[in-house]
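Written out below as structure tokens is the structure these notes cover.
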Amino acid sequence: DSLLQEMSEVSPLRPGPSPILEEALHRRTLLARAQTGGRRAVINLAIAFLCLFDANHMVLLKLISSHPAYFSTMVVYLLEMAVFSVLLTTSLTSIWSYIFPLHSTSPLALTAEQFRLLRLHPSSPGFTKSPEVKSPTYPNPFTPLPGPLVSPLSSPPTQQSPSSPTGSVTPVNMSRHSWNSTSPVSMPSTPASTNLRSPHFPMAPSSPLTDTSQLASYLSSYSQWEASQSQLAEPDTASQASQSTLFWQGAGLAHSTSKLDFSPASNSPKSVYQLSSPLPPSLTQDKDSTKDTTKDQTNSKVLSHRLGIDPMELVSWNENLRVWLTQTLLRPLVSEVDRVNSTLPRVGVADCSVGSVPVDRLRKVAALPQVVSSLPSLPTLLPYLEVCTDQTYMVKRLRDLAKTGAMSKFKWSSGGEGWTDRLPTDSELILHCLATYMDSRLQTSSATRIAMGEGGDSITPFTGVHFYKHGMKVKQEDKDTLALVQVGRSPTHYVVQIGGQQLDVGGGRNNMVHSLLLFLHTVKGERGGMLGRVNLGLSGLNILWVLD
């Protein structure tokens with residue numbers, strides 16, 4: 001049927017044949033033939049002249065009979081002249097292709113790498129070397145920006161230009177001699193009375209200290225300056241309180257008619273700060289979300305350690321699985337629903353469509369003769385729809401999940417618009433579709449039929465064997481058991497059953513995807529990629545590519 005055929009088709013994006021490559025290979029073949037054309041021309045010319053000589057002198061015919069008949073002579077003559085004509089034409093063609101192998105074609109531009117791969121020399125006839133495209137060079141992000149650094153307190157007035165702003169410019173000195181100076185910056189020549197609270201020592205020496213007397217004098221003057229700074233550092237209590245009030249209130253609160261001025265021309269003696277208002281509740285980070293994110297990261301690290309892979313590789317597996325589910329399950333399923341809905345009115349069933357009527361009604365419609373002949377895939381579509389009684393919600397949710405390339409709208413413990421606790425979560429919906437897909441692909445073994453009893457067509461090789469929904473009993477005594485087991489309904493939670501042991505990858509938004517990845521990794525590592533009698537690798541369903 002068309003649904004199974006569409007789902008089974010694996011069509012990776014492969015680039016089409018390159019016309020440049022085909023032309024290059026064709027010319028390379030012509031050049032290879034032309035290299036041997038000279039030898040062929042010499043051999044053909046030799047044979048042609050032998051035929052011409054024998055046609056004129058009848059040497060071979062006279063060896064057979066001393067007096068050949070006239071009819072025989074004419075037949076041999078005509079045959080040898082025909083061979084001479086063909087060989088002469090072939091020789092001239094070989095000589096022409098040897099001298100001018102690609103005479104009527106324009107040169108084909110190839111890069112140096114293409115010349116190397118095709119094993120061609122850049123001077124080969126019919127080819128030319130294309131100019132190399134230089135990639136744009138970007139500046140090194142770790143190199144310092146050119147030019148000086150701006151320091152408003154570290155340059156003397158003599159270095160300022162008349163048009164420069166208040167801030168002065170000081171070049172950066174990175175030489176080893178600059179580290180010998182006791183003061184990295186020099187103070188402007190301002191009287192001490194105007195800068196009593198300056199944090200820089202005004203009497204710093206301009207040259208390095210070379211003897212102990214200069215060092216002692218410098219230390220003495222620095223101690224006196226430090227003592228004077230500590231005395232001046234105790235402001236009046238009232239002024240301190242008023243300054244503190246203005247510092248936090250800002251000009252906008254101290255003077256009701258004024259506003260904060262952030263323009264460059266502002267000559268405010270001190271920067272004015274304001275208390276920031278708290279963010280609205282909608283912008284604050286949710287504590288539960290932070291805990292869930294931290295928990296997911298911890299679970300990912302534990303699972304990657306268990307699988308023996310890098311955590312970033314686990315992220316890549318997660319994305320690959322989402323892409324596979326979208327391309328192999330969701331989009332073909334939605335396309336089949338649209339095809340069925342467009343075909344039913346044409347066969348006389350206009351009051352019935354997928355997503356508007358229950359599954360039982362669709363099952364009766366599928367048994368109609370005109371539907372059987374026009375839509376043989378409808379019975380195969382019905383098991384995918386049995387997970388939910390609200391068919392309108394289910395079809396809409398499948399469309400939403402299939403819109404993006406990697407199920408970006410997937411919600412692990414809830415669903416889309418209009419979802420309630422009575423409806424399946426996205427995790428349950430996706431795994432039901434996957435289980436139905438695997439039921440249609442795997443082959444039912446005799447052991448499965450015996451274990452599940454005489455169920456006829458209701459026996460499923462994946463559901464009930466390798467997948468157990470919530471409430472289904474798992475046979476833990478079987479050592480060969482390998483199954484995905486749903487152990488929680490709200491929130492949705494899955495574990496991997498291997499023999500009598502249940503492996504839990506942790507709860508959260510990645511529980512379903514990581515459980516499925518662990519299941520596939522176990523199939524690949526412990527069962528050689530075989531699930532039952534079907535290979536999940538490249539020669540079968542090709543689902544194991546998500547682990548590459």
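Reckoned from all heavy atoms, side chains included, excluding hydrogens, waters and symmetry mates.
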Any side-chain heavy atom of Y393 sitting closer than 4.5 Å to one from L423? yes
Any heavy-atom pair between the side chains of V496 and L482 that's under 4.5 Å?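 Side chain of L482 against side chain of V496, heavy atoms only: contact under 4.5 Å found.
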Using the side-chain contact (heavy atoms from CB on, under 4.5 Å) rule, pick out the option among T326, L330, T425 that qualifies with I430. L330
Counterpart residues, side chain to side chain donor-acceptor pair (under 3.5 Å), relative to D390 (two or more places apart): none
Describe, in one word, how the ring planes of W324 and Y437 are oriented to each other, choosing from parallel (under 30°), tilted (30 to 60°) and perpendicular (over 60°).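 Ring orientation, 0 to 90° scale: perpendicular.
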Within the side chain of [X], is there an N or O that forms a donor-acceptor pair under 3.5 Å with the backbone of [Y]?
X: W317; Y: L321; answer: no
X: H493; Y: Q486; answer: no
X: S414; Y: K411; answer: no
X: Q114; Y: T111; answer: yes
X: Q497; Y: G499; answer: yes
X: S515; Y: N511; answer: yes
X: D439; Y: T463; answer: yes
X: T29; Y: L25; answer: yes
X: H432; Y: P424; answer: no
X: N341; Y: V354; answer: yes

T389 and R422 side chains, donor-acceptor separation under 3.5 Å: no
M438 and L536: CA distance, side-chain angles, deciding distance, side chain to side chain contact (heavy atoms under 4.5 Å, CB included) verdict: CA-CA 10 Å; M438 298 298 289; L536 302 187; 3.9 Å; yes
Before you tell me yes or no, could you show the steps for I498 and T481 under side chain to side chain contact (heavy atoms under 4.5 Å, CB included), namely the whole-Å CA-CA distance, both residues' side-chain angles and the distance that decides it to 0.1 Å? CA-CA 6 Å; I498 303 178; T481 300; over 6 Å; no
Determine, step by step, whether K396 and D400 satisfy the salt bridge (charged side-chain N to carboxylate O under 4.0 Å, His left out) criterion, reporting the C-alpha distance in whole Å, the side-chain angles of both residues, the deciding distance to 0.1 Å, and the verdict. CA-CA 6 Å; K396 184 178 182 300; D400 293 339; 3.5 Å; yes
F410 vs S427, test: side chain to side chain contact (heavy atoms under 4.5 Å, CB included). Steps then yes/no. CA-CA 8 Å; F410 173 78; S427 298; 3.4 Å; yes
List the steps, then state whether salt bridge (charged side-chain N to carboxylate O under 4.0 Å, His left out) holds for E319 with R322. CA-CA 5 Å; E319 180 182 1; R322 287 170 174 262; over 6 Å; no
Should the heavy atoms of other residues, nucleotides or ligands under 6.0 Å from CD of Q391 be counted, would the total exceed 12? yes
Just wondering, more than 12 heavy atoms not from E417 lying within 6.0 Å of its CD?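 No, CD of E417 has 12 or fewer neighbouring heavy atoms, counting only those of other groups under 6.0 Å.
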Walk me through whether R509 and D426 qualify under salt bridge (charged side-chain N to carboxylate O under 4.0 Å, His left out). CA-CA 11 Å; R509 58 183 178 181; D426 286 351; over 6 Å; no
Checking salt bridge (charged side-chain N to carboxylate O under 4.0 Å, His left out) for the pair R361/D351: CA distance, chi angles, key distance, verdict? CA-CA 11 Å; R361 173 79 181 279; D351 59 339; 3.1 Å; yes
Please step through side-chain hydrogen bond (donor to acceptor under 3.5 Å, both in side chains) for the pair E336 and S377, ending with a clear verdict. CA-CA 9 Å; E336 182 66 16; S377 63; 2.4 Å; yes
T492 and Y494: CA distance, side-chain angles, deciding distance, side chain to side chain contact (heavy atoms under 4.5 Å, CB included) verdict: CA-CA 7 Å; T492 309; Y494 295 92; 3.2 Å; yes
